Amino acid sequence: MLARDGAAHAPWESWLKVLLPLIPTIGDLRWVTLPLTDASVGNYQHIVGYLAVSFAGMADLLTARKVLPPATDRLVLALSFLLPAFFFAAHGHHLAVATAAHQLLALLLFSVGLLVVVEHVHPAPLFRWLRVYAILLTGAWFLEIGWVLYRAGYDLMSEDVVTRVYLFFAWHALGLAVMMALALSRRRRA
């Protein structure tokens with residue numbers, strides 16, 4: 001049995017997917033060079049990842065209008081997580097802290113992409129909540145990475161800070177799991 005609902009539940013979700021990634025795309029364009037250089041390859045990777053999300057929003061809209069076949073929106077949504085996961089896994093950092101942070105982000109994005117596919121093939125509340133949890137954890141971790149790499153002032157070559165990165169990730173994972181469990185238990189009682 002395949003999921004019968006769309007990848008987005010409301011048109012505004014699809015439009016957010018289309019439009020919001022354009023903001024960081026424009027920001028990364030200032031660092032793009034032609035021809036491609038070692039210094040700008042990361043920016044190209046970012047742009048492809050952002051545009052994958054925009055394409056997922058377009059696929060939502062076109063699938064809802066029956067321009068694309070059913071399930072195209074889900075497959076493109078899975079791709080919009082799997083493609084950036086691949087880039088984060090192979091981002092090419094030489095700093096120990098950045099490598100650890102990006103590898104964890106890649107793992108999360110791969111998990112979300114796979115959960116989108118699993119949920120489509122076998123729709124069940126468990127898979128939906130796991131996907132929601134993984135997406136929220138990905139967003140929280142993305143913000144944490146920004147803080148660790150650009151604001152915290154850590155020595156990004158220090159293996160000791162890598163240990164902190166894993167601890168911060170565990171705190172995010174556990175804290176979010178507790179918050180979701182509380183929210184779901186309140187929802188169930190109501």
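What's counted below: heavy atoms across the whole structure, side chains too, no hydrogens, waters or symmetry copies. Being a predicted model, the structure only gives us computed values, none of them experimental.
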Student: Is Trp129 reachable from Leu176 through a run of hydrophobic residues whose side-chain heavy atoms are each under 4.5 Å from the next?
Tutor: yes
Student: Find the distance between NE2 (His172) and CZ (Phe142) and round it off to the nearest 0.5 Å.
Tutor: 13.0 Å
Student: Judged by atom type as modelled, is there a donor-acceptor pair below 3.5 Å linking the side chain of Ser40 to the main-chain atoms of Asn43?
Tutor: no
Student: How many angstroms lie between CG in Leu29 and NE2 in His46, if you round to the nearest 0.5 Å?
Tutor: 12.5 Å
Student: For residues Val76 and Phe86: do they belong to one hydrophobic cluster (side chain heavy atoms under 4.5 Å, members Ile, Leu, Val, Met, Phe, Trp, Tyr)?
Tutor: no
Student: Is any side-chain heavy atom of Leu108 closer than 4.5 Å to a side-chain heavy atom of Val112?
Tutor: no
Student: So does Ala10 get a backbone contact from the side chain of Glu13, meaning a donor-acceptor N/O pair under 3.5 Å?
Tutor: yes
Student: For the aromatic rings, using the six-membered ring if either is Trp, is the centroid distance between Tyr44 and Trp31 under 6.0 Å?
Tutor: no
Student: Passes side chain to side chain contact (heavy atoms under 4.5 Å, CB included), Leu36 versus Val41? Steps please.
Tutor: CA-CA 6 Å; Leu36 176 69; Val41 71; 4.1 Å; yes
Student: Is the backbone of Asp155 close enough, under 3.5 Å, to the side chain of Ser158 for a donor and an acceptor to pair up by distance?
Tutor: no
Student: Are Leu107 and Leu105 co-members of a hydrophobic cluster defined by side-chain heavy atoms under 4.5 Å apart?
Tutor: no
Student: Please step through ring-ring contact (aromatic ring centres under 6.0 Å, His included) for the pair Trp171 and Tyr166, ending with a clear verdict.
Tutor: CA-CA 9 Å; Trp171 286 348; Tyr166 290 122; over 10 Å; no
Student: If we only count heavy atoms from C-beta on, is the Phe81 to Ile135 side-chain gap below 4.5 Å?
Tutor: yes
Student: Taking all non-hydrogen atoms of both residues, which atom of Gly113 and which atom of Ala78 are closest, and how far apart?
Tutor: O-CB, 3.7 Å
Student: Side-chain contact, heavy-atom cut-off 4.5 Å: Phe168 with Trp147?
Tutor: yes
Student: Which heavy atom of Val116 sits nearest a heavy atom of Arg74, and at what distance?
Tutor: CG1-O, 3.5 Å
Student: Do Leu104 and Val165 make a side-chain contact, defined as non-hydrogen atoms from C-beta onward lying under 4.5 Å apart?
Tutor: yes
Student: Does any N or O in the side chain of Ser185 come within less than 3.5 Å of the main-chain N or O of Leu182, such that one atom is a donor and the other an acceptor?
Tutor: yes
Student: In terms of ring plane angle, is the pair Trp141 and Phe169 parallel, tilted or perpendicular, where the classes change at 30° and 60°?
Tutor: perpendicular
Student: Please name the pair of heavy atoms, one in Ala101 and one in Ile145, separated by the smallest distance, quoted to 0.1 Å.
Tutor: O-CD1, 3.4 Å
Student: Going by the angle between their ring planes, with limits at 30° and 60°, are His102 and Phe88 parallel, tilted or perpendicular?
Tutor: tilted
Student: Report the C-alpha distance between Val53 and Val18 in whole Å, list the side-chain angles of each, state the deciding distance to 0.1 Å, and finish with yes or no for side chain to side chain contact (heavy atoms under 4.5 Å, CB included).
Tutor: CA-CA 7 Å; Val53 176; Val18 171; over 6 Å; no
Student: Which heavy-atom pair separates Thr25 from Pro21 by the least distance, and what is that distance?
Tutor: OG1-O, 2.7 Å
Student: Transitively linked via ILVMFWY side-chain contacts under 4.5 Å: Ile26 with Ile47?
Tutor: no
Student: Can you tell me if CZ on Phe110 sees more than 12 non-hydrogen neighbours from other groups inside 6.0 Å?
Tutor: yes
Student: Please determine whether side chain to side chain contact (heavy atoms under 4.5 Å, CB included) holds for the pair Glu159 and Thr163, giving the CA-CA distance in whole Å, both sets of side-chain angles, and the decisive distance to 0.1 Å.
Tutor: CA-CA 7 Å; Glu159 289 297 327; Thr163 305; over 6 Å; no
Student: Could you measure the distance from the CG atom of Leu16 to the CG atom of Asp60? Nearest 0.5 Å is fine.
Tutor: 11.0 Å
Student: Which atom pair, heavy atoms only, marks the closest approach of Ala98 to Leu149?
Tutor: CA-CD2, 3.7 Å
Student: When clusters are formed by joining ILVMFWY residues with side-chain heavy atoms under 4.5 Å apart, either directly or through shared neighbours, do Leu95 and Tyr150 land in the same one?
Tutor: yes
Student: Measure from the side-chain N and O atoms of Thr72 to the backbone N and O of Leu68, and report whether any donor-acceptor pair falls under 3.5 Å.
Tutor: no
Student: Rounded to the nearest 0.5 Å, how far apart are CE of Met157 and OG1 of Thr99?
Tutor: 9.0 Å
Student: Heavy atoms only: give me the nearest Ala106-Ala89 pair and the separation to one decimal.
Tutor: CB-N, 3.5 Å
Student: Quick one: CG on Leu51 to CG on Leu22, what's the gap to the nearest 0.5 Å?
Tutor: 7.0 Å
Student: I'd like to know if the side chain of Arg30 reaches the main chain of Gly27, judged simply by a donor and an acceptor atom lying under 3.5 Å from each other, with no hydrogens or angles considered.
Tutor: yes
Student: Distance from Leu115 atom CG to Arg128 atom CZ, nearest 0.5 Å?
Tutor: 12.0 Å
Student: Under a 3.5 Å distance rule, please check whether Tyr133 uses its side chain to pair with a backbone N or O of Ala173 as donor and acceptor.
Tutor: yes
Student: Check step by step if side chain to side chain contact (heavy atoms under 4.5 Å, CB included) holds for Lys17 and Leu77.
Tutor: CA-CA 10 Å; Lys17 285 183 204 172; Leu77 179 64; 3.8 Å; yes
